[in-house]
Amino acid sequence: MHVKPAASALHRVVAAGRRLGESCSGSPRALDVLTALSCLGLMALDLPGLAAADNSLNGPSAAAVLAVGCTSLLARRRMPWIAYAVSLLFIGWLHELTLIQFALYSVGRFRGRRAGVLATLGYAAFALAMFSVPGWPEPAGASLSSFLSLVVPIGVLASAVGIAAYRHDLVRELDVRRAESAVLQAVQQERTSVARDVHDFVGRELTLLTVRSEVLSVRSRETAHAKDFEELADTARRAHLVLNEIIVQRGERTSTPGVDGLAALAEESGRAGSPVRLVVDPEAHGLSPLRQAAVYRVVQECLTNAAKHAHGQPIEVSVAADGLRLRIAVSNGLAARVPGRAPVSAGSGTASMAERVRSLGGTLTATRTEDSYRVVAVLPPG
């Protein structure tokens, strides 16, 4: 009848202990306290031998000295050399080798390989000197044998484990920094992608708004709304300038329309006053989405440039795929006279267009003659 409640109580105690251990495992201070207590527990096992080997300390006084010495491990992260110095004192005074193991580990763990090696060499030299002092508790032969078989391996092992832990921490910190860098890079790429989409889509709309408002301003010069259209055109130009100043264009974009979106681009350009003659090879619809996106971006940027620099001029767009290569050609006439105000331009649209084409293994050339401007992009099949 009482077995089940007892088992339940035991289970609660074990669960509480597990939770306490998990909470303490993440606390450096708790780990330092646990390390000091572990060292004290190991040294307490040798209290009878310490009292017999050194007549100046009895059991209680030896326990008190050992407890004070173990408190030096509480500063092992920031000042591991304190525990190291105390452990050397214990070797010379109490012939105690337990604390030095924790001290050497701490030096290697929190100060690195060079400090760990120097501490180990210093410990070995000091221990050898102490073992050679007349009156050591053991005979000289036994002391030398103990030094070679016990003292040196203890120091080397403790220091090696500490150095290995130090290197593990460095690797882990490097991994954490790499992960943080990857996250920051992903965030930056996402921001860049959004910025470039804003440039492509919003910038294009602002360009068309500016052009159409200027056209309406010219048409309504003799009406009462002329000033309103001029203010609208100026507002659109200022908005485009602000957009170009804010956006830093790098990286790649996502969710770009393909060949099917070319008709809409041509229609928009026609409504804005630049008629487009679009010829698309049916085979172009079978291209990969990445190449279709490249086609769309090339044509979009060319139409935008034509609206800026040669408004009202007809535009010829040809997309041909013969199985061996994809050829995109966009040409437009040049305006008879230079516009009174230079069009707003970020200066990176053509570079972005060429970058996308090159990333797919293609080439892009732009040729300007006296009366026309022509862009030709060639992509490998895919």
Side-chain angles (χ1 to χ4, degrees), residues 17 20-21 24-25 27-111 115-140 142-163 165-166:
L20 179 62
C24 292
S25 62
S27 172
R29 177 58 59 185
L31 290 177
D32 292 341
V33 172
L34 181 60
T35 300
L37 292 176
S38 300
C39 181
L40 179 60
L42 291 175
M43 288 194 295
L45 298 177
D46 197 32
L47 278 177
L50 292 178
D54 195 308
N55 295 326
S56 64
L57 292 177
N58 56 24
S61 59
V65 170
L66 295 180
V68 173
C70 288
T71 58
S72 64
L73 291 174
L74 299 178
R76 67 193 186 104
R77 296 177 185 272
R78 293 182 299 173
M79 296 176 288
W81 295 108
I82 294 179
Y84 179 76
V86 173
S87 65
L88 294 183
L89 176 63
F90 275 22
I91 292 175
W93 178 23
L94 303 177
H95 319 136
E96 172 56 56
L97 298 176
T98 302
L99 181 59
I100 189 62
Q101 301 174 54
F102 288 85
L104 287 174
Y105 170 83
S106 299
V107 172
R109 174 75 162 75
F110 301 110
R111 289 296 180 268
V117 171
L118 292 176
T120 304
L121 294 176
Y123 152 72
F126 182 81
L128 179 60
M130 289 297 100
F131 275 36
S132 302
V133 171
W136 186 263
E138 297 181 1
S143 299
L144 182 59
S145 176
S146 299
F147 176 79
L148 295 176
S149 63
L150 180 64
V151 176
V152 174
I154 281 177
V156 172
L157 179 61
S159 182
V161 173
I163 293 172
Y166 176 80

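Just so we're clear, the structure is a prediction, and the values are computed from it rather than from any experiment.
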* Can you tell me how far the CD1 atom of I82 sits from the CZ atom of R76, to the nearest 0.5 Å? -> 13.5 Å
* Structure fact -> Note: A83 and S72 closest approach over all heavy atoms is CA-OG, 3.5 Å
* Is there a donor-acceptor pair under 3.5 Å between the side chain of Y84 and the backbone N or O of Y123? -> yes
Which donor-acceptor pairs under 3.5 Å do the side chains of residues 97-104 make with protein atoms, sequence neighbours left out?
residue, atom, partner, partner atom, Å
T98, OG1, E96, OE2, 2.4
Q101, NE2, L97, O, 3.2

* Can you name the side-chain contact (heavy atoms from CB on, under 4.5 Å) partners of A165, sequence neighbours left out? -> Y105, R109
* To do: Determine yes or no for a side-chain-to-main-chain donor-acceptor pair under 3.5 angstrom, with R77 supplying the side chain and S106 the backbone.
  => no
* **N/O donor-acceptor pair under 3.5 Å between S159 side chain and G116 backbone** => yes
* Looking only at non-hydrogen atoms, find the nearest pair between G69 and F90 and report the distance. => CA-CZ, 3.7 Å
* Indicate yes or no: at least one non-hydrogen side-chain atom of L73 is less than 4.5 angstrom from one of D32. => no
